[in-house]
Amino acid sequence: MGFFDSLVNYNFKKDESGNYIFYPWGVLGNGRVLPDKEMENRVRDFVRGSLIISLISLPVILIICVTIGWVYDFVFLLGIIAWYHLKIRTLLAACLISHDKLTLKKSYTDFANLINKKILWLLLILSIISLPSGVLMFIQGTTSYDKLMGAIAFIFCIIWTFVVGYMIKTKRT
C-alpha cells in the first residue's frame, strides 16, 4: 500500500454492518455510507486524485505567497476547497448520511499509525524548535500584524506539539 492509499484510508471507517463510511471532511462533518464496492472505489480514486492535486499545488501556493502575497493564497485555497466540495458532493449525492461520528481521538490514532515513528519524532522536534520563533515575532514585532502572526504561530506550535506528542504516545501502545 502506497503513501496516498494510506492517507485515503484515513477517511474511511467500517460500521457494525460491515459497510464503509466515508468522511469527506474528517472529524468536521458527517460520514456517508457507501452502498457498494464500486462506489467505494470511485470515492477512493477521487480522494487519491485530490490529494495528489493538493500536493502538486504546494509549490504554486509558495510561489503565490512569495510573489504577490499570502492573501491571494486564500483565494487559491478556497478554489481548491470549492472544487473538492462540489465534486465530492456530487459523487456522494445518492449515499445515505451516517450518524456514526469520526472522533478526534480515533483520527489522531489512525493518522499516527500511517506515519513512521521517526517521522513523528522529527515533527515533534521541529514543532518544539519552532516555538521560540512565534514568541520572538510577538515580542519584536513592530506592528499589530507582526504581533498577531507571532501569537498565532506560537499557539499553532503549542497545539501541534501536543497533537504530535499524543500521536507518539498512541503509537507506543
Side-chain angles (χ1 to χ4, degrees), residues 1-13 21-31 44 46-85 87-88 101-173:
M1 181 184 309
F3 176 71
F4 286 108
D5 290 325
S6 296
L7 289 177
V8 169
N9 287 339
Y10 174 68
N11 289 337
F12 287 83
K13 176 177 146 182
I21 301 173
F22 171 65
Y23 296 88
W25 300 103
V27 297
L28 298 178
N30 290 324
R44 284 181 185 277
F46 171 73
V47 172
R48 186 180 305 104
S50 64
L51 285 171
I52 291 169
I53 288 170
S54 298
L55 185 65
I56 291 169
S57 298
L58 289 177
V60 174
I61 291 169
L62 289 173
I63 290 168
I64 290 171
C65 184
V66 170
T67 57
I68 58 177
W70 63 270
V71 173
Y72 296 97
D73 278 338
F74 286 115
V75 174
F76 183 75
L77 290 172
L78 285 175
I80 290 174
I81 292 168
W83 167 79
Y84 174 82
H85 173 72
K87 293 291 280 185
I88 203 68
K101 292 288 185 182
L102 185 64
T103 64
L104 202 54
K105 183 177 181 178
K106 177 157 178 30
S107 179
Y108 287 154
T109 303
D110 289 349
F111 193 73
N113 290 328
L114 295 176
I115 298 176
N116 185 305
K117 191 187 275 188
K118 290 177 184 176
I119 300 293
L120 286 173
W121 276 103
L122 177 66
L123 289 172
L124 181 67
I125 291 166
L126 289 174
S127 63
I128 291 170
I129 289 171
S130 300
L131 282 169
S133 63
V135 173
L136 285 174
M137 283 175 66
F138 182 79
I139 292 171
Q140 294 180 345
T142 55
T143 65
S144 57
Y145 174 79
D146 294 341
K147 291 186 179 295
L148 176 65
M149 289 297 113
I152 289 171
F154 179 74
I155 291 168
F156 176 79
C157 288
I158 287 281
I159 292 169
W160 187 241
T161 299
F162 282 108
V163 166
V164 174
Y166 177 78
M167 286 194 277
I168 289 171
K169 179 183 168 208
T170 61
K171 188 102 169 155
R172 284 186 181 170
T173 57

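Throughout, numbering of the chain's residues begins at 1 and tracks the sequence. Quick caveat: nothing in here was measured; it's all calculated off a predicted structure.
- Here the side chains of Ile53 and Trp83 are in contact, with some heavy-atom distance below 4.5 Å.
- Rounding to the nearest 0.5 angstrom, the gap separating the CE atom in Met149 from the OG atom in Ser133 is 13.0 Å.
- Atom CZ in Phe154 sits 13.0 Å away from atom CE in Met137 (nearest 0.5 Å).
- Between Phe46 and Tyr84, the ring-plane angle classifies as parallel under the 30° and 60° cut-offs.
- A donor-acceptor distance shorter than 3.5 angstrom exists from the side chain of Lys147 to the backbone of Phe138, with no hydrogens or angles considered.
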Chi angles and distances behind the side chain to side chain contact (heavy atoms under 4.5 Å, CB included) call for Ile21, Phe12: CA-CA 6 Å; Ile21 301 173; Phe12 287 83; over 6 Å; no
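- The two residues Cys157 and Ser127 come nearest to each other via the heavy atoms CB-O, 4.0 Å.
- Inter-residue side-chain proximity for Ile80 and Ser57 is flagged as met; some heavy-atom pair is nearer than 4.5 Å.
- Across all non-hydrogen atoms, the minimal contact from Ile129 to Pro132 is O-CD, 3.1 Å.
- You'll find the side chain of Ile88 reaches within 4.5 Å of the side chain of Phe22, heavy atoms only.
- For the atom pair CG (Leu28) and CG (Leu104), the distance works out to 9.0 Å, reported to the nearest 0.5 Å.
- Residues Val27 and Thr103 are not in side-chain contact: their nearest non-hydrogen atoms beyond the backbone lie 4.5 Å or more apart.
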What do the steps show when you test Leu124 against Trp160 for side chain to side chain contact (heavy atoms under 4.5 Å, CB included), and what is the final call? CA-CA 8 Å; Leu124 181 67; Trp160 187 241; over 6 Å; no
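- Interatomic distance, CG of Leu62 versus OG1 of Thr67, reported as 10.5 Å (0.5 Å rounding).
- Annotation for Asn11 and Gly26: closest pair OD1-CA, 4.3 Å, computed over non-hydrogen atoms.
- Closest approach of Asn30 and Tyr23 over heavy atoms only: C-CD2, 4.1 Å.
- In this structure, the side chains of Thr109 and Met167 stay at 4.5 Å or more apart for every pair of heavy atoms.
- Note that OG1 of Thr170 and OH of Tyr108 are 11.0 Å apart. Values are rounded to the nearest 0.5 Å.
- Note that the CG atom of Leu122 and the CG atom of Asn116 stand 10.5 Å from one another [nearest 0.5 Å].
- Within 6.0 Å of CZ on Phe111 lie no more than 12 heavy atoms contributed by other residues, nucleotides or ligands.
- One N or O on the side chain of Thr143 and one on the backbone of Asp146 form a donor-acceptor pair closer than 3.5 Å.
- The 12-atom threshold is not exceeded at CZ of Phe162, counting heavy atoms of other residues, nucleotides or ligands nearer than 6.0 Å.
- Contact check for His85 versus Trp25: side-chain heavy atoms found under the 4.5 Å cut-off.
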